[in-house]
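Worth saying up front: this structure is predicted, and the values here are computed from it rather than measured. Every chain is numbered from 1 and lettered A, B, ... according to where its sequence line falls, protein lines coming before strand lines.
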Number of protein chains: 2
Amino acid sequence: MADPEDSTDTVTADHVAAAAGVSRWTVARAFKKDASISRQSRERVIAAAEALGYAPDLMASSLASDRSNLIALITNDFNNPHKLVLLERLTRILWSRGWGTLLVHMSDSEDASAALLAASQRRVDAAVVIGTRFDDKMLETALGARRLKKLVIFARYSQNPNTLTIACDDVIAMRQMADHLLERGYRKPVFLAGPDTQSAKLHRKSTFTEYWQERTGTHVPSINAAAYDFGPAIDRVTALLQDRTAADRPDVLVCENDIIAIGAMDAIRYRLGLRVPQDIAVTGFDDIPLSSSPAYQLTTYRQPITAMAECLLEVLEGKLTHDVALPGQFIARQTT
Amino acid sequence: MADPEDSTDTVTADHVAAAAGVSRWTVARAFKKDASISRQSRERVIAAAEALGYAPDLMASSLASDRSNLIALITNDFNNPHKLVLLERLTRILWSRGWGTLLVHMSDSEDASAALLAASQRRVDAAVVIGTRFDDKMLETALGARRLKKLVIFARYSQNPNTLTIACDDVIAMRQMADHLLERGYRKPVFLAGPDTQSAKLHRKSTFTEYWQERTGTHVPSINAAAYDFGPAIDRVTALLQDRTAADRPDVLVCENDIIAIGAMDAIRYRLGLRVPQDIAVTGFDDIPLSSSPAYQLTTYRQPITAMAECLLEVLEGKLTHDVALPGQFIARQTT
DNA sequence: ATAATTGTTGCACGCGCGTGCAACGCTGTG
DNA sequence: CACAGCGTTGCACGCGCGTGCAACAATTAT
């Protein structure tokens, strides 16, 4: 047992134990919920701990147990403001429940393995992938290299059998979107998706086009922006519409997410000099803060982030072991 | 010494040592830069490690040494897209140099102490505060409660003597901004700042107003938005301009940052029906991605984030122990 | 050949706490 | 009074690796 009288500035459980007149293990129990300890012992320990400024060392605790209470938040798409919303919500909720969040940047495919390695070296209890540009094959490769306890794909779909997916229900969402557009009289949609990844199945696009086909019997053309960013979206939409007559234009651009939709609106307004929604309507997905600004007033669909985060907590606690898709909320504004 | 033959799935240095025919400590040296080890020993160890899929456990390493190689990134202002840029740059650069980043949400004053406590419980080597709404007094209180090895204020000024500040040089920036505006013939600026915090000295505002006074002899009125977000900025600017005649209006709104400037532009265009810059010019600060979109084309000032991050690395390595203010880059676009 | 020097390797001990078990004290019943 | 039952407490051992030093081998100087 260490001498509690030494002059080191770090206060350990031994110091508190000496001050409270109990053993080190009783101190640990005082800080552990549902531990077998008498009320008076706990109170005495807590009082001594406060007097000494003691707080359990979570790093040492992680080493001794096999839980780190650390979650790696892995993301790559820092151009999309929606990431900021996701990060904010996740970190806030996770920390409030005792989980720490390690923010990891995953730039490209080669980097995926490095990111997962870095996370595993920190003994994270789970890695949560928050992103849109992830290749399923890449993830599988990276997973093979480094075994993590849990891998959760958040706010995106994945076909990978070794992962758990928590996402917004794109099927409900896109059908509602299609119903809304049909009701408003739109008949010639074009779907604007993000970069064309190989293995990730694009739920939003396929759901929308198939449902539209089903309801109207007409085919929905689709195009891809080179990145989930407004710049490439502007370029792609400008190229699409540049030389078309009014009769030849789509009447609505259905975009895979808000940041692309905003690029589409910018192209329509500032590159082509047309009006939204009078000349062409636009819809998005995510409901990022900017979408509610007077400049855009975008019709979109809000993901149920808080509910999704609650699901993540259940997954982390082992109470939930299957994929989840939650319905969000349709938001009608001025662009349709 | 543990038996390397056991069937556990975690590979430790002991396993690698047995495979390579050396001691555990030689394995550790093989993974440590500038360690005293022969080339052939290192190669043999690395080969054995790769074969076994070994990677050093950074958590155990942190416990044994008194370095965690972990940095807490503490922020609160998740409405400003600029935070996303800062987070991306910092995490990428820090991880590439071997530092892990713990993302911590600090919502309000009471929370500051909790955030710092959480960080210290994880044994972070330093906490980096990335934000705009921090009260110096609050930080001091929180610091008193939990001693951290280092506390760095990033991209913001602080008067706190116990912290290190790494920021953009607001004096150079705002003088250049003022020179630019005078050169373009603007004479009646209004400064639009964020929420009026008590102790944080607003460098940008005071620098601009004092320098303007110095060059023109005229006073610069200033107003405050209730938050660093476009919504409150829209409200404040609308209230400012609502009932004014053209002669009575400012000719330029100098904003403390881009997100507020974008709110100002939205107010001018969509609430008042005026044009930027013909009726009123606008300037920002940060150069967030949206500022370069065709919808805004905002004249602004870009912070030297990468250089600031490099400074942070030097602080973390102990090579730098004093405050730093770095010049950024003035970006002239269409709003002036 | 011997000593001095440099480069390389092994090891005892500890970082702060968790796990699982054994021992303790208390209450109430027969 | 003895016993079981229960709540409570203490403890040996280990988590995986770093530190500082001592021992050793390889090289050069004398």
How many angstroms lie between [atom1] in [X] and [atom2] in [Y], if you round to the nearest 0.5 Å?
{"X": "A:I71", "Y": "A:T91", "atom1": "CD1", "atom2": "OG1", "value": "12.5 Å"}
{"X": "B:L312", "Y": "B:L164", "atom1": "CG", "atom2": "CG", "value": "9.0 Å"}
{"X": "A:L316", "Y": "A:K149", "atom1": "CG", "atom2": "NZ", "value": "11.0 Å"}
{"X": "A:R156", "Y": "A:T165", "atom1": "CZ", "atom2": "OG1", "value": "8.0 Å"}
{"X": "A:D57", "Y": "A:T12", "atom1": "CG", "atom2": "OG1", "value": "9.5 Å"}
{"X": "B:T10", "Y": "B:Y54", "atom1": "OG1", "atom2": "OH", "value": "11.0 Å"}

Open item on the list: With a 4.5 Å cut-off on side-chain heavy atoms, are B:W99 and B:L313 touching?
Closed with: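 With C-beta onward as the side chain, the pair touches.
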Pull out every protein N or O sitting under 3.5 Å from an N or O of nucleotides 22-26 of chain D, one pair per line with the distance.
none

Open item on the list: Does C:dT8 have its OP1 or OP2 closer than 4.0 Å to a side-chain nitrogen or oxygen of B:S41?
Closed with: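 False: B:S41 side-chain N/O out of range (4.0 Å or more) of C:dT8 OP1/OP2.
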Task: Side-chain N,O (B:T26) to OP1/OP2 (C:dG10) below 4.0 Å - done: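 B:T26 to C:dG10 OP1/OP2: side-chain N or O found under 4.0 Å.
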TODO: Could you check which residues of residues 27-38 of chain B get a heavy atom under 4.0 Å from DNA chain D? Sort them by number, please.
DONE: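 Result for residues 27-38 of chain B: B:A28, B:K32, sorted by number.
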TODO: For B:R123 and for B:R42, locate the closest nucleotide of DNA chain C by heavy-atom distance; then report the residue assigned to the nucleotide nearer the 5' terminus.
DONE: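 Between the two, 5'-proximity favours B:R42.
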TODO: Go through the steps for B:S62 and B:R123 under the test side-chain contact (heavy atoms from CB on, under 4.5 Å), then give the verdict.
DONE: CA-CA 8 Å; B:S62 303; B:R123 285 204 180 189; 5.6 Å; no
Open item on the list: Between the base of C:dG18 and the side chain of A:R24, is one N or O donor paired with an acceptor at under 3.5 angstrom?
Closed with: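 A donor-acceptor contact between them is present.
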Open item on the list: On the side chain of B:W25, is there an atom forming a donor-acceptor pair with the base of D:dT19 - under 3.5 Å, no angle test?
Closed with: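 Flag set: donor-acceptor pair detected.
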Separation of [X] atom [atom1] from [N] atom [atom2], in whole Å?
{"X": "A:R39", "N": "D:dT9", "atom1": "CZ", "atom2": "C1'", "value": "18 Å"}
{"X": "B:N69", "N": "D:dG16", "atom1": "CG", "atom2": "C1'", "value": "16 Å"}
{"X": "A:Q121", "N": "D:dG16", "atom1": "CD", "atom2": "P", "value": "14 Å"}

Open item on the list: Tell me which residues in residues 56-66 of chain B lie within less than 4.0 Å of DNA chain C, going by non-hydrogen atoms.
Closed with: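 Nucleic-acid contacts, sorted: B:L63, B:A64.
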Open item on the list: Ignoring hydrogens and geometry beyond distance, is a side-chain donor-acceptor pair present between B:T306 and B:R89 at under 3.5 Å?
Closed with: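 The criterion, which ignores hydrogens and geometry beyond distance, is satisfied for B:R89 and B:T306.
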Task: Considering all heavy atoms, the nearest B:V324-B:C311 contact - done: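 Of all heavy-atom pairs spanning B:V324 and B:C311, the closest is CG1-SG, 3.8 Å.
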Open item on the list: Just checking A:Q40: does its CD atom have more than 12 heavy atoms from other residues, nucleotides or ligands closer to it than 6.0 angstrom?
Closed with: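 At most 12 heavy atoms, drawn from other residues, nucleotides or ligands, come within 6.0 Å of this atom.
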